[in-house]
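Start at 1 with the first residue, then count along the sequence. Not measured: the values here are computed from a predicted model. Just follow the structure's listing: the first ligand is 1, and inside any ligand the first atom is 1.
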Amino acid sequence: MHTSRHVFVHLIRSVALLAILCATAVQAAEKRDLIIDTDPGADDVVALLLALASPEELNVMAITTVAGNVRIDKTSRNARLAREWAGREEVPVYAGAGRPLVRTPIYAENIHGKEGLPGVEVHEPKKGLAEGNAVQYLVETLRNAAPHSITIAMLGPQTNLALALVQAPEITQGIKEVVVMGGAHFNGGNITPVAEFNLYADPDAAKVVLASGVKLTYVPLDVTHKILTSDQRLKQIEALNNQAGKRVGSILNEYVKADMVHYGLPGGPVHDASVIAWLLKPELFSGRQVNLVIDSREGPGFGQTVADWYDTLGQNKNVFWVENGDAQGFFDLLTQRLGRLK
Ligand code: BDR
Ligand code: CA
């Protein structure tokens, strides 16, 4: 009798231990290995803070920088500033391409200010860049990665990944998926009537990434222009009463002004942060698989993304196109995560 009770207790303990081990394994499996390729940029900095404040879900392996909103020296400094503000200096920052594949460089200083970061004082961060180049880092990391294990968030022109893919096409083996902030279909463009800035800045690079056949999600203006700031949403961030809340509040206050005036909107979009929110809480968003074509011909369609939302042409569905998002859910997530920072 005594022995059978002993065996029973032992069995229960073993089952409980197994359950704990399984839960831990599932949690570990759910943590995403992530490289963030970015051109900070006000909304890029908000995206970086959101990602770096979410270590349970995201293992940010590196930040790679590209010229876009401002020149590469400034985007690289701003990425290092975001890392410092998040207290995550162990994450390496690699500088990458200083210009697009083919076209003449363009910048967005009119929106992001001369330093690429409106509303706050910028300074040289304590920690420098990692040794080596972003493109080389991508090639080596993806080439040696476990099959389809690494996610890449692309928050600027897609030049770095395109260069890596041209140099070493086999690196697709290491890519789980690529999530792009870019493009516009229903919304219209923000740099021309039809083109969104990141695609217009380097459409040739975006075409290389598209042609590589990697799993692709686009988070275009169609959705980011539905996730707008408001006085109440900015107040909720500022009310955190930490430095992160104050910084993001004043960055966004300044950043959204131009878009609010230009589009007559009641608030402004925080484009790039939606990519990170999509990775953290995809249930906040909806979209569908579509065929995407990118126009890189000179003329009024330069940089346009043609997304076949209604499958009119019946072509292969090469991209998941995010079309809608829960704006309050996004700002609640952002506020909650910023609350974890200093
Ligand atoms: C995109 O362009 C940049 O100015 C922003 O950082 C964002 O990545 C929006 O069109
Ligand atoms: Ca950006």
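- Salt bridge E115/R77: present, at least one basic N to carboxylate O contact under 4.0 Å.
- Residue contact check: E196 has heavy atoms under 4.0 Å from atoms 1 (C), 2 (O), 9 (C), 10 (O) of ligand 1.
- Contacts with ligand 1 closer than 4.0 Å are made by side-chain heavy atoms of N190 only, the backbone lying farther away.
- A salt bridge links R340 with E56: the distance from a Lys NZ or Arg NE/NH1/NH2 to an Asp or Glu carboxylate oxygen falls below 4.0 Å.
- D272 OD1, 2.7 Å is the protein heavy atom nearest to atom 8 (O) of ligand 1.
- D222 contributes no side-chain N or O that, together with a main-chain N or O of E323, makes up a donor-acceptor pair within less than 3.5 Å.
- Salt bridge status for E57 with R337: present, with a side-chain N to carboxylate O gap under 4.0 Å.
- Listed by number with element, the atoms of ligand 1 under 4.0 Å from a non-hydrogen atom of M181 are 1 (C), 7 (C), 8 (O), 9 (C).
- Of all N/O/S atoms in D272, OD2 sits nearest the Ca ion (ligand 2).
- Geometry about the Ca ion (ligand 2) gives an angle of 90° between OD1 of D39 and O of L155, rounded in steps of 10 degrees.
- Residues N198 and Q158 have side chains not in contact (no heavy-atom distance under 4.5 Å, counting atoms from C-beta outward).
- Between R32 and E30 no salt bridge is recorded (no basic side-chain N to carboxylate O distance below 4.0 Å).
- Close to ligand 1: D43, with a non-hydrogen atom less than 4.0 angstrom away.
- Per-residue contacts place F197 under 4.0 angstrom from the following atoms of ligand 1 (heavy atoms of the residue considered): 2 (O), 3 (C), 4 (O), 10 (O).
- A salt bridge is defined here as a Lys NZ or Arg NE, NH1 or NH2 lying under 4.0 Å from an Asp or Glu carboxylate O, and K317 with D311 meets this definition.
- Residue contacts to the Ca ion (ligand 2): D44 brings an N, O or S atom closer than 3.0 Å.
- Considering each of V275, N69, V45, the one bringing a non-hydrogen atom nearest atom 4 (O) of ligand 1 is N69.
- Residue contacts with ligand 1 for D44 involve side-chain atoms from C-beta outward but no N, CA, C or O (heavy atoms, distance under 4.0 Å).
- Close approach to L155 involves these atoms of ligand 1, each under 4.0 Å from a residue heavy atom: 8 (O).
- Look at K246 and E238 and you find no salt bridge, because none of the NZ, NE, NH1 or NH2 atoms lies under 4.0 Å from a carboxylate O.
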